[in-house]
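Data block below; observations after.
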Amino acid sequence: EKGTYAHFMLKEIDEQPFVMRKIIQEYQDEQDNIKIDADVRAAMLAADRIYIIAAGTSYNAGLVGKQIIENLADTPVEVHIASEFSYNMPLLSKKPLFIFISQSGETADSRAVLVKIKSLGHPSLTITNVPGSTLSREADYTLHLYAGPEIAVASTKAYTAQIAVLTLLAVDTANAKGLTLDFDPLQELAIVASVMESLTDQKEQYADIAKAYFTGTRNAFFIGRGMDYFVVQEASLKLKEISYIQAEGFAGGELKHGTIALIEDGTPVIAISTQENVNYSIRGNVQEVAARGANTCVVSIKGLEQDSDTLVLPHVHPLLTPLVSVVPMQLLAYYAALHRDCDVDKPRNLAKSVTVE
Ligand code: M6R
């Protein structure tokens, strides 16, 4: 039920802090340790390389998950678009573990990969919001997202839930490997939940920004580097999916290799800068496009901000910034679609889960 909300998408964006808290609660034992099934832990420990398979927003969450797993658990990870996997099948390691990320658990492209890798005898874990779903039933193990039903076609709370669960999985693996971490995921996710709340509490500003940048535009660009590059890919998917604005997410450093030719007077360019090691370079990219007439907007984070920034996010752990920087992106897409009179919850040509290959 939508309750007082005009759209499921807005309701689901607002639910994200509660989903974070639900995940903390469900994945925590009485001693405040992470609670992950012993057989999932064993599968993670046995793997010499992880292959994440997913589509759309779940793929974008996988890109963030790769950084988190490699950083915390020290296991190499590859992320693959499900529909491409069989054409560009990578050389597999000796002990692969396949992780399928899927909100619905019904995505046919992912299922095709699961069938294939099962026939090769490889172990599989599905991370899904629907535990009884096909991908969940057919994989060896399942982790539940606890995001509650996601009705809007545009995925929002599943993305943040996927990243949160991947973080807990990574830390659990790190602990099992005996690695020392300077990172308490349950505490850091609790901080994320409060920050998400502070962001969703100020909706008017996103409506205004969406109006200023996206009214009447045919295209829009999102740029980021490092971790932020993964979030701009999700930001652009969200915007194009529901507002029909042609939007692309680019690596800041790639602009000069072609894309910058598209910048004209008034082209919206939204930059995300949440990582210290990219802050200087991405701001250089913003200047380059501004000098060519772009209408630039910078979303940064406390500690890295500059006076001219459009939005400054409160501080969260650098590995978890996607969980908060995506929220303004979801809201900008929502208000852009609203201003353009689009059917926010049911965009044209799209289904909630894609059950054909
Ligand atoms: O149910 P899944 O997570 O497997 O779905 C994957 C994509 O179809 C899905 O994320 C799609 O990209 C969303 N509509 C994006 O908002």
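Source: prediction; values computed, not measured. In what follows, every heavy atom counts, from backbone to side chain, and hydrogens, waters and symmetry copies are set aside. For ligands, and for the atoms within them, numbers begin at 1 and follow the listed sequence.
Within the 4.0 Å heavy-atom cutoff, Ser110 does not count among the residues contacting ligand 1. Heavy atoms of Ser353 stay at 4.0 angstrom or farther from ligand 1. Within the 4.0 Å heavy-atom cutoff, Glu106 does not count among the residues contacting ligand 1.
When only interatomic distances are considered, the shortest N/O to N/O separation between Lys352 and ligand 1 does not fall below 3.5 Å. Taking distance alone, with nitrogen or oxygen atoms compared against 3.5 Å, Val153 approaches ligand 1 more closely than that limit. The N/O atoms of Gln162, backbone and side chain alike, include none that comes under 3.5 Å of an N/O atom in ligand 1.
Atoms of ligand 1 lying under 4.0 Å from at least one heavy atom of Lys238, given by number and element, are 15 (C), 16 (O). Atoms of ligand 1 lying under 4.0 Å from any heavy atom of Ser58, numbered from 1 in the order shown and given with element: 2 (P), 3 (O), 10 (O). The contact set between ligand 1 and Ala154, taken as ligand atoms under 4.0 Å from a residue heavy atom, comprises 16 (O).
Scanning the protein heavy atoms around atom 1 (O) of ligand 1, the nearest turns out to be Ser104 OG, 2.6 Å. In this structure, atom 8 (O) of ligand 1 lies nearest to the protein heavy atom Val354 CG2, 4.1 Å. What sits closest to atom 6 (C) of ligand 1 on the protein, heavy atoms only, is Ala55 O, 3.3 Å. Distance from atom 16 (O) of ligand 1 to its nearest protein heavy atom, with residue and atom name: Glu241 OE1, 2.7 Å. Of the protein's non-hydrogen atoms, Thr107 OG1, 3.5 Å is the one closest to atom 5 (O) of ligand 1. Summary of contacts: the protein heavy atom closest to atom 15 (C) of ligand 1 is Thr57 OG1, 3.1 Å.
Every residue meeting the salt bridge (Lys or Arg N to Asp or Glu O under 4.0 Å) condition with Lys203, not counting sequence neighbours, appears here in chain and number order: Asp14.
The distance from atom CG of Leu338 to atom CE of Met9, rounded to the nearest 0.5 Å, is 10.5 Å. To the nearest 0.5 Å, atoms OH (Tyr244) and CG (Asp343) are separated by 6.0 Å. Taking OG1 from Thr321 and CD from Gln275, the interatomic distance works out to 4.0 Å, rounded to the nearest 0.5 Å.
The residues Glu70 and Lys66 are annotated as salt-bridged, a charged nitrogen and a carboxylate oxygen being separated by less than 4.0 angstrom. Salt bridge status for Glu288 with Lys256: absent, with no side-chain N to carboxylate O gap under 4.0 Å.
Under the 6.0 Å cut-off for aromatic ring centres, Phe98 and Tyr51 qualify, their centroids lying closer than that.
Looking only at side-chain heavy atoms (C-beta outward), Asn60 and Leu237 come within less than 4.5 Å of each other. Contact annotation: the side chain of Ile127 approaches that of Val165 to within less than 4.5 Å [non-hydrogen atoms, C-beta and beyond].
When atom types are taken as modelled, the side chain of Asp109 and the backbone of Ala82 share no donor-acceptor pair closer than 3.5 angstrom.
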